[in-house]
S.K.: 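Here it is, the structure, as C-alpha cells.
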Amino acid sequence: MAVSSPTQTSQIMNNVDAVRATLYDAMKNDPRTVILGEDVGARGNVFLITKDFAKEFGPQRVIDTPIAEASIVGIAVGMAMEGLRPIAEIQFADFIYPAFNQIVGEAAKTRYRSNGEYTCPLVIRTPYGGGVRGALSHSVSIEALFYHVPGLKILAPAFPADVKGLLNAAIDDPDPVLFLEHKKTYRLIKGEVPDGHYTIPIGKANVLKEGSALSVVSYGLYVHWALEAAQQLEQEGISVEVIDLRSIRPMDKTTILQSVEKTRKLLVVHEDNKFGGIGAEISAMVAEEALFSLDAPIRRHCAPDVPAMGYAEPLEHEYMSSPAKIAEAMRELARF
Amino acid sequence: MAVSSPTQTSQIMNNVDAVRATLYDAMKNDPRTVILGEDVGARGNVFLITKDFAKEFGPQRVIDTPIAEASIVGIAVGMAMEGLRPIAEIQFADFIYPAFNQIVGEAAKTRYRSNGEYTCPLVIRTPYGGGVRGALSHSVSIEALFYHVPGLKILAPAFPADVKGLLNAAIDDPDPVLFLEHKKTYRLIKGEVPDGHYTIPIGKANVLKEGSALSVVSYGLYVHWALEAAQQLEQEGISVEVIDLRSIRPMDKTTILQSVEKTRKLLVVHEDNKFGGIGAEISAMVAEEALFSLDAPIRRHCAPDVPAMGYAEPLEHEYMSSPAKIAEAMRELARF
Amino acid sequence: MAKTDTKGKKLERNGLSDDQLRAIFRNMLLQRQLDNRGFQLNRQGKVPFALGSEGHEALQAGAAMAFQRGKDLLAPYYRDLGLALGIGLTSYEILLSLFARAADHNGGRQFPNHYSSKSAGLMSFSSILAAHIPHAVGAAYAMKYRGERGRAVLVTCGDGTTSEGEWHESVNFASIHKLPIVFLVENNLWAISTPIEHQMGQPEIWKRAAGYGIPGHRFNGFDPIETYGSVNEALDRARSGGGPTLLEGMCYRFLAHSTDDNDMTYRTKEEVAAHRKEDPVPRFERVLIDHDVMSAADVEQLKRDVLRETNEATDRAEAMPYPTAADLYTHLYEGAWQPWQ
Amino acid sequence: MAKTDTKGKKLERNGLSDDQLRAIFRNMLLQRQLDNRGFQLNRQGKVPFALGSEGHEALQAGAAMAFQRGKDLLAPYYRDLGLALGIGLTSYEILLSLFARAADHNGGRQFPNHYSSKSAGLMSFSSILAAHIPHAVGAAYAMKYRGERGRAVLVTCGDGTTSEGEWHESVNFASIHKLPIVFLVENNLWAISTPIEHQMGQPEIWKRAAGYGIPGHRFNGFDPIETYGSVNEALDRARSGGGPTLLEGMCYRFLAHSTDDNDMTYRTKEEVAAHRKEDPVPRFERVLIDHDVMSAADVEQLKRDVLRETNEATDRAEAMPYPTAADLYTHLYEGAWQPWQ
Ligand SMILES: Cc1ncc(C[n+]2csc(CCOP(=O)(O)OP(=O)(O)O)c2C)c(N)n1
Ligand SMILES: Cc1ncc(C[n+]2csc(CCOP(=O)(O)OP(=O)(O)O)c2C)c(N)n1
Ligand SMILES: [Mg+2]
Ligand SMILES: [Mg+2]
C-alpha cells in the first residue's frame with residue numbers, strides 16, 4: 001500500500017471520499033476531463049460522489065445522461081477518440097451489461113483495430129459488490145465478465161490510498177480502464193491518503209501482510225476480511241501472507257509467484273462466483289508456472305455458483321463470505 | 001462420440017448439414033418451435049442453414065428480424081416465458097455483444113429470480129471461430145465471456161453426430177443454452193450421423209482417443225487438430241489421450257480428472273485467448289482436485305492475448321494454432 | 001384537497017360502472033396506504049428499502065381496470081404497485097415482497113416491488129431497466145402466433161426508460177408484426193434526479209409513435225377514467241388484431257425516487273407542491289362524491305377498510321419466515337443444484 | 001442509359017460550381033471502378049472478400065462534397081467508399097485496405113472497406129453495426145464542448161442499422177444537447193436479404209426525427225445535387241449551432257450484399273432491373289452533358305483517367321507487403337505487448 005512518508009501530508013478518508021477527491025482534482029487539473037453518467041450532475045451520483053461538481057464545473061462537464069448505458073460508454077469512446085478524457089459512470093455495475101458491446105467490442109479494440117491511429121483513453125467507473133442488501137441486481141461482481149478481454153485494464157482497489165493512486169493512474173492512462181469500486185467499502189473502509197497528485201502503477205499487487213505458511217490472494221471487500229482472518233490466524237500461530245491484487249488485468253504474476261514460492265500454498269479468495277472467476281486464472285497461472293513449488297492443492301474460496309445474492313438477509317448471508325469463513329478456509333489449507 | 005449401432009441407419013453429413021437437419025426436425029416435430037434472427041428467412045441464414053425453412057414453415061415461424069441483437073434474444077426470452085420454444089440466431093458470434101444484457105442479465109436469471117415460477121427454454125445458436133479470414137469481427141471466440149455465468153449452459157460440439165445430439169438436447173432443455181458452432185468446421189468436418197431423434201447428455205465430455213502419456217482437453221475446431229496431432233505423436237511413440245469437452249458449462253469434471261489421474265499430465269488447447277479463457281477453469285479445477293496426480297505443470301496452448309485475428313493472412317496464421325503447433329506443445333509436455 | 005369542477009356536469013365515465021369506479025378508487029387508496037407502509041417500515045428499520053408510486057395511483061388503477069384477468073398479460077416495472085393490485089395481487093403478496101419472505105413469489109430473492117405471478121399473468125422482471133420490454137413483445141408474439149385473438153400484453157415503463165436501446169428495438173419489432181401489445185409510458189417527469197429535458201430532446205414521448213407507424217396518444221394520468229379509456233381502447237385494438245399502441249400517461253412522482261433518495265437535492269418543494277395540487281387521490285374522491293358514486297361516509301368506511309387490510313397484511317406477512325440458506329441453491333436450472341455446474 | 005428530362009431546363013445546382021459537379025462525377029465513376037475491381041479481384045482469388053457500393057454513388061459523392069476537409073469529421077460505415085474518396089482518401093489507400101497490406105491505415109487488421117484515417121478526419125469503426133454512432137455523437141460533443149463552431153460530424157449508416165438500440169440512444173443524446181451532427185441514413189431498401197418492410201413498421205425513417213425533436217428530411221440519393229443540398233444544409237445548421245438533423249437518402253443496392261451473398265435467392269432480377277433504370281451514374285452523366293458541364297469527350301477521357309488510376313492503384317497496392325506475424329502484437333496498449341497482460 002502506498003504509505004505517506006514523514007514529509008508528506010495526508011488525510012484520513014474513506015473510499016468514497018478518495019474517489020470524490022481524485023475526480024475533483026482531475027476535473028480541476030485538466031479541462032479535457034468530463035464526467036458522464038446517470039444522476040451524476042444535479043444529484044451528484046447516487047452515492048454523492050460528484051456532489052456539487054455540476055455547480056462548480058458546469059453541466060457540460062458533469063453530464064446527466066439519459067438512461068442508456070450503451071451510449072454512455074459509446075459516447076465516451078467517441079469523446080476519447082476526439083481528444084477529451086471522459087470518465088463514464090455506470091450507476092451500479094449490474095447495469096453495465098447493455099454497455100458490453102461498447103466496452104468489449106469498441107473501447108477495448110479502438111487502438112488495436114486502427115493500428116494505433118485512434119486511441120481510447122477512457123475510464124469507466126462503477127460500484128460493484130454485495131453485502132449491502134442489493135439483491136440480485138444491485139450487488140453483482142462483474143470483473144470476470146471482462147477480464148478475458150485483451151485491450152482492457154481492470155482495477156479493483158480496496159484501500160483509500162490505492163483508490164486515489166490507481167484512479168489517477170487510470171485517468172492518466174492512454175487506454176480504456178474499467179475501475180471497480182466495492183460499494184460496501186465506500187464508507188466502511190478508512191485510511192490515510194497522501195495529499196497531492198500521485199499514481200500507483202497499474203498491474204502491481206500489494207503484499208499487505210507477510211507470512212510463511214500460506215499465500216492468500218484477494219481484492220475488494222474480501223481483502224479486508226482476509227487480512228482480518230490472517231490476523232486472527234497469526235494468534236493461532238499460523239502465518240498467512242495476504243496479497244491485495246488491486247489490478248485484475250494486467251495481473252501481477254511476479255508478486256503472486258514469489259509469494260507462492262515462499263509459502264508453497266495458495267488460497268484465492270473472492271466474492272464473485274467460482275467457476276471461471278478471477279481465481280481460475282490465478283490458479284491456472286500458478287499451476288503452469290510454479291506447480292512444483294506447491295505443497296497443497298490450490299484452493300479457491302469464492303461465492304457458490306448461483307446468479308447472485310438474494311435480497312432476503314439469509315440469502316445474502318449465505319452467498320457472502322466472512323472473516324470467519326475465510327479464516328476457516330485458511331486453517332484448512334494450512335493444515336493440509 | 002455417439003456412434004451408430006449396426007441396426008441403426010445413419011448418414012454422412014458435415015456440421016452445417018447436421019445443424020440444418022436437427023433444426024428441421026425440431027420445426028417439424030414441435031409447433032412451439034420458432035426460429036428468429038437476421039436473414040434466417042428469405043435467404044435461409046448466411047450459411048444457408050435454414051434455406052427453404054420459411055417456405056415450408058411460414059415466415060411467422062422463421063422470422064427475419066430487424067438488425068437488433070438485444071431484442072432478438074430479448075424477444076426470444078419473452079416467447080420462452082410464454083410457452084414457445086424459440087431458437088434465436090446471432091448471425092456471427094461477434095455480434096452477440098449487444099445481446100449480452102438479455103443473455104446474462106435476463107435469460108440466465110429468469111428461473112432463478114422468479115423462484116422457479118417462470119422459465120426460459122431458449123436456444124441461442126451462433127457461428128464462432130476463425131480460420132476463415134473473418135478478421136477482427138467475424139472470427140471471435142465468445143465462450144469465455146459467458147462461461148462464468150450461472151444459469152447458462154454452453155455447448156460447443158465439434159462432430160456432426162455431436163452437433164445433432166447436443167442441439168437436440170439443447171432444444172429439449174428447459175433452460176437457456178448457448179450453442180456454439182465453429183464456422184470453419186461447418187463444411188470441413190464430415191461424419192456419420194445416426195438417423196432419428198436422439199440426444200447426447202449436456203455436460204459430458206468425450207474421450208476421442210485413449211492415451212497414457214498426456215491428456216489433452218480441447219473443443220471446437222482445435223479438437224480436430226489435437227486429434228490429428230495426437231495421431232502424429234502416436235507414430236512417434238507418444239500416447240496422447242484426447243478429450244473433446246463438447247459442453248463448456250456444465251463441464252465434465254469426472255472425465256477430465258479420470259484422464260489426468262491416468263496420464264498425470266494435462267494440456268488444454270483452445271482457439272480463444274489464454275488469459276481467463278476456458279483453460280483457466282479446467283486448469284484451476286485440476287490444480288484444486290488432482291494436484292498430486294500431476295507430473296508436470298498444466299499447460300495451456302491458446303491464442304495470444306490480442307483482441308482477435310487480423311484480416312491479413314499472416315496475422316490470421318499467427319493467431320491460429322495448427323496441428324503442427326499443437327503437436328509441438330504435446331511433445332514439449334510429454335518430454336517434461 | 002384540490003377543487004374539481006366536475007360537480008353538476010355529467011360524469012364522463014368511459015363505460016365504467018359504479019362498481020368499477022369504486023374498485024378503481026379502492027385500488028388508489030390501497031396503493032397509497034401500502035406505499036406509506038413501505039416507507040414507514042423502512043423508517044422503523046424493518047425493511048432496508050422501499051419504493052413509492054405516489055402520483056401514479058390514478059394511472060395504474062385506471063390502466064389495471066382495462067386489463068382482462070385470465071387473458072391479458074402484464075409486464076410491469078418496479079413502480080407498478082397499483083397495476084399489480086389491480087390485476088389481482090393481494091396486499092399480503094405485496095408485503096411478502098417488501099419483507100422478502102420465503103412465501104413471496106420470488107422467494108425473497110428480488111428487491112421489493114419486483115412482483116411476479118404466473119397465475120395472475122404478471123411477468124417476472126429484473127431491475128435492469130427496459131430489459132422486460134422485449135419480453136413483453138415476445139409474449140405478444142406468442143399470442144399472435146398461436147392465433148389467440150382476444151389477448152394482449154400491457155407493458156409499462158417510466159419516461160426515463162424510453163431512452164434505452166431495448167425500448168426502441170422492442171417497439172420497432174412489435175410495429176413490424178402488428179403485435180397485440182400496448183406500450184404504456186408512465187411519465188412522471190423525473191428519472192431519479194434527471195428531469196425530462198435532460199432525458200430527451202422533446203418531451204412528448206407519444207410523438208415517437210409516428211416514427212414506428214403505430215398510433216400514439218397522451219393522456220392525463222391523474223384522471224383514472226381518462227386513463228382507463230385510453231388504455232382500454234388501445235388494449236381492445238391490440239386484442240382484435242389492430243396492432244400496438246404507444247401510450248403516454250402524464251403523472252408525477254410525489255415522493256423521492258426511493259427510500260435511498262432525497263429529492264430535495266435536485267428539485268424544489270415548490271415544484272412538488274404545485275403538482276400536489278392535482279393529487280389524483282383526493283381529486284378522484286371528490287369526483288365520486290360529486291357524482292354520487294360514493295358518499296362521504298362510504299369513502300371514510302373504505303379508507304378504514306383499506307387501512308385494516310394493510311395492517312392485517314403487514315402483520316401476516318411479517319410473521320412469515322425468511323427463506324433459509326438452503327434456498328440460495330434452488331431453481332437455478334431444472335433439477336437439483338450442484339456445485340461447479 | 002436512362003433518359004433524363006433535364007435538357008433545356010436550367011440546372012438546379014444548389015450552389016455547386018462546374019468544378020464541384022465534375023469532382024462529384026469523377027468520384028462516382030471512381031467508386032464504380034473500384035467497386036468492380038474489388039469483385040473482380042475476388043473472382044480472381046486475389047482477395048477473399050469485397051463489398052460494393054453500387055447504387056450509393058450519387059448519395060456518397062454528393063454528401064462528401066458538403067464535408068469540409070480539415071474541419072468536419074466523418075463516421076462512416078462499410079459501404080462508404082464514395083464518402084471516403086470524397087473526403088480525401090486515395091484509390092491506393094482503398095486498395096491497400098482491400099488487399100490487407102501492412103501500409104493500410106489499419107495495418108490489414110480489419111475487413112476491407114473499414115477505412116480509418118485520422119488525418120482525413122475519418123473515424124475508425126468496427127464491423128459491429130451501429131456501434132460507431134455513439135462515437136460520432138461523442139466526437140460532436142467534444143466539438144461543442146470546446147466551442148469549435150464551424151465543425152460538425154457526419155455519421156452514416158444503412159437503413160437496417162437504424163433498428164439497433166445504439167442508433168436510438170445516439171440520436172436521443174445528440175438531440176438533448178443540440179450537437180453538431182448529421183445522421184445520414186443511406187436507405188437502399190435492403191439489409192442483406194431483409195427488405196425494409198421487415199425492418200420497420202413504416203418505411204420512412206426520416207419521420208422518426210419528430211420524436212426526437214430534430215429536423216428530419218428525405219431526399220433522392222440518386223441525385224447528387226439534391227443530396228449535396230440536403231447534406232450541406234444540415235451540416236451548415238450543425239456547424240452554426242442549430243443542432244442535429246436526421247437525413248434519409250433514398251438509393252438502392254444494385255449488387256449482392258457482398259461477394260459472399262447471392263441476392264437472387266431473395267429478390268428478383270426484375271426488381272433490380274427496375275431500379276437500374278434510375279442508375280445514378282449514367283443519369284448524372286446525362287445531366288452534366290445536357291447542361292454542358294462536360295462534353296461527351298470529357299466524359300470518355302474521365303472514364304479513361306479513372307480506369308488508369310484504378311489500375312495503377314491496384315498494381316501499386318498489390319505490390320506492397322503484408323503485415324508480418326510480429327504485427328499481430330503491436331498497438332494493443334500503448335507500449336510493447338507482453339504475454340499475459
Ligand atoms: C439498465 C439500468 N440502468 C439504470 C438503472 C438505475 N435506475 C433505477 S430506476 C432509474 C430511474 C428510472 O426512471 P423512469 O424510467 O422515469 O421511472 P420512474 O422511476 O420515474 O418511475 C434508474 C436510473 C437501472 N435499474 N437499470
Ligand atoms: C451488430 C451487427 N449485427 C449484424 C451484422 C451483420 N450484417 C452486416 S451488414 C448487415 C446488413 C446491414 O444493412 P443496412 O444497415 O441496411 O446497410 P446496407 O448493407 O444495406 O448498406 C448485417 C445484418 C453486423 N455486422 N453487426
Ligand atoms: Mg420517471
Ligand atoms: Mg440497407
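As the structure is a computational prediction, the values presented were derived from the model and not from experiment. Labels below follow one simple rule: chain letters A, B, ... track the order of the sequence lines, proteins then strands, and each chain is numbered from 1.
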S.K.: For the residue pair D/Y141 and A/Q60, what are the closest heavy atoms and their distance?
M.R.: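 Taking D/Y141 first and A/Q60 second, the nearest heavy atoms are OH-O, 2.6 Å.
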S.K.: Could you tell me which portion of A/A76 (side chain, backbone, both or neither) has an atom closer than 4.5 angstrom to a non-hydrogen atom of chain D?
M.R.: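 Contact with chain D is absent: no heavy atom of A/A76 under 4.5 Å.
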S.K.: Mark yes when over 12 heavy atoms from residues, nucleotides or ligands other than D/R237 sit less than 6.0 Å from its CZ; otherwise mark no.
M.R.: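 Count over threshold, so yes.
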S.K.: At a heavy-atom distance under 4.5 Å, which candidate from D/M123, D/H331, D/H132 has the highest pair count against chain A?
M.R.: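 That would be D/H331.
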S.K.: Are any side-chain N or O atoms of A/Y112 and backbone N or O atoms of D/Y329, one a donor and one an acceptor, separated by less than 3.5 Å?
M.R.: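 Between the backbone of D/Y329 and the side chain of A/Y112 there is no qualifying donor-acceptor contact (under 3.5 Å).
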S.K.: Taking the side chain as every heavy atom from C-beta outward, state whether D/S124 and A/M81 have any atom pair closer than 4.5 Å.
M.R.: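 Yes. Closest side-chain heavy atoms under 4.5 Å.
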S.K.: With a 4.5 Å limit on heavy-atom distance, are the side chains of D/F173 and A/I63 in contact?
M.R.: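 D/F173 vs A/I63: side chains touch.
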S.K.: Return the option, out of D/G108, D/G335, D/A136, D/S117, with the maximum number of heavy-atom pairs under 4.5 Å with chain A.
M.R.: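 Highest number of pairs under 4.5 Å: D/S117.
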S.K.: If we only count heavy atoms from C-beta on, is the D/P134 to A/Q102 side-chain gap below 4.5 Å?
M.R.: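 A side-chain contact under 4.5 Å exists here.
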S.K.: If you count every heavy atom of other residues, nucleotides or ligands that lies below 6.0 Å from A/K262 atom NZ, does the total exceed 12?
M.R.: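 Check passes, neighbour count above 12.
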S.K.: If you count heavy atoms of other groups shown closer than 6.0 angstrom to NZ of D/K118, is the number above 12?
M.R.: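 Counting other residues, nucleotides and ligands, NZ of D/K118 exceeds 12 neighbours.
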S.K.: So which part of A/E69 gets closer than 4.5 Å to some heavy atom of chain D, the side chain, the backbone, both or neither?
M.R.: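 For A/E69, the contact with chain D is made by the backbone alone.
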S.K.: Measure distances from D/I176 to the heavy atoms of chain A and classify the residue's part below 4.5 Å as side chain, backbone, both or neither.
M.R.: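 Answer is side chain: those atoms of D/I176 sit under 4.5 Å from chain A.
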S.K.: Let me see the working for D/L332 and A/R111 under side chain to side chain contact (heavy atoms under 4.5 Å, CB included), right down to the final yes or no.
M.R.: CA-CA 6 Å; D/L332 174 55; A/R111 183 191 287 271; over 6 Å; no
S.K.: I need the D/N172 CG to A/S71 OG distance, nearest 0.5 Å.
M.R.: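 Spacing of CG (D/N172) from OG (A/S71) equals 8.0 Å.
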S.K.: Using a 4.5 Å cut-off on heavy atoms from C-beta on, say whether the side chain of D/E334 contacts that of A/D173.
M.R.: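 Not in contact.
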S.K.: Identify which part of A/P121 has an atom lying under 4.5 Å from any heavy atom of chain D, answering side chain, backbone, both or neither.
M.R.: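 Looking at A/P121, nothing touches chain D.
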S.K.: Select, from A/P66, A/G151, A/P174, A/A80, the one with the greatest count of heavy-atom pairs under 4.5 Å involving chain D.
M.R.: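 Of the options given, most contacts go to A/G151.
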S.K.: In Å, rounded to the nearest 0.5 Å, how long is the span from CG of A/L84 to CZ of D/R146?
M.R.: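 Answer for the CG-CZ pair, A/L84 versus D/R146, is 5.5 Å.
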S.K.: For the candidates D/G138, D/A142, D/A139, D/G165, which exhibits the highest count of non-hydrogen atom pairs separated by less than 4.5 Å from chain A?
M.R.: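 With the most close heavy-atom pairs to chain A, the winner is D/G138.
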S.K.: Are the side chains of D/R109 and A/N115 in touch, meaning some heavy atoms are under 4.5 Å apart?
M.R.: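 Counting from C-beta outward, D/R109 and A/N115 do come under 4.5 Å.
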S.K.: Measuring heavy-atom distances to chain D, does A/V34 have an atom under 4.5 Å in its side chain, in its backbone, in both, or in neither?
M.R.: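 Interface part for A/V34: side chain.
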S.K.: Does the side chain of D/E166 come under 3.5 Å of the side chain of A/N101 through a donor N or O and an acceptor N or O?
M.R.: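 Side chains of D/E166 and A/N101: pair found under 3.5 Å.
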S.K.: Using non-hydrogen atoms only, which part of D/H177 is less than 4.5 Å away from chain A: side chain, backbone, both, or neither?
M.R.: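 Just the side chain, heavy atoms under 4.5 Å.
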S.K.: Less than 4.5 Å apart, side chain to side chain, heavy atoms only: is that true for A/K153 and D/Y333?
M.R.: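 Yes, their side chains come closer than 4.5 Å.
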S.K.: D/L179 versus chain A, heavy atoms under 4.5 Å apart: side chain, backbone, both or neither?
M.R.: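 Neither; nothing under 4.5 Å.
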S.K.: Show your working on side chain to side chain contact (heavy atoms under 4.5 Å, CB included) between D/S126 and A/K109 and close with a plain yes or no.
M.R.: CA-CA 9 Å; D/S126 76; A/K109 297 187 175 68; over 6 Å; no
S.K.: Within a strict 4.5 Å, meaning less than it, do heavy atoms of the A/R61 and D/Y145 side chains meet?
M.R.: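 A side-chain contact under 4.5 Å exists here.
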S.K.: Whether the D/H135 and A/E82 side chains hold a donor-acceptor pair (N or O, under 3.5 Å, no angle test) is what I'd like checked.
M.R.: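 No pair is found: no donor N or O on one side chain lies under 3.5 Å from an acceptor on the other.
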S.K.: Does D/F183 have any ring pair (Phe, Tyr, Trp, His ring centres under 6.0 Å) partners at least two apart in sequence or in another chain, and if so, which?
M.R.: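 D/F183 satisfies ring pair (Phe, Tyr, Trp, His ring centres under 6.0 Å) with no other residue.
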S.K.: Using a 4.5 angstrom heavy-atom cutoff, name the option from A/S114, A/G203, A/A108 with the most pairs to chain D.
M.R.: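 Of the options given, most contacts go to A/S114.
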S.K.: Pair D/N106, A/E117 - check side chain to side chain contact (heavy atoms under 4.5 Å, CB included), show working.
M.R.: CA-CA 8 Å; D/N106 300 324; A/E117 254 193 30; over 6 Å; no
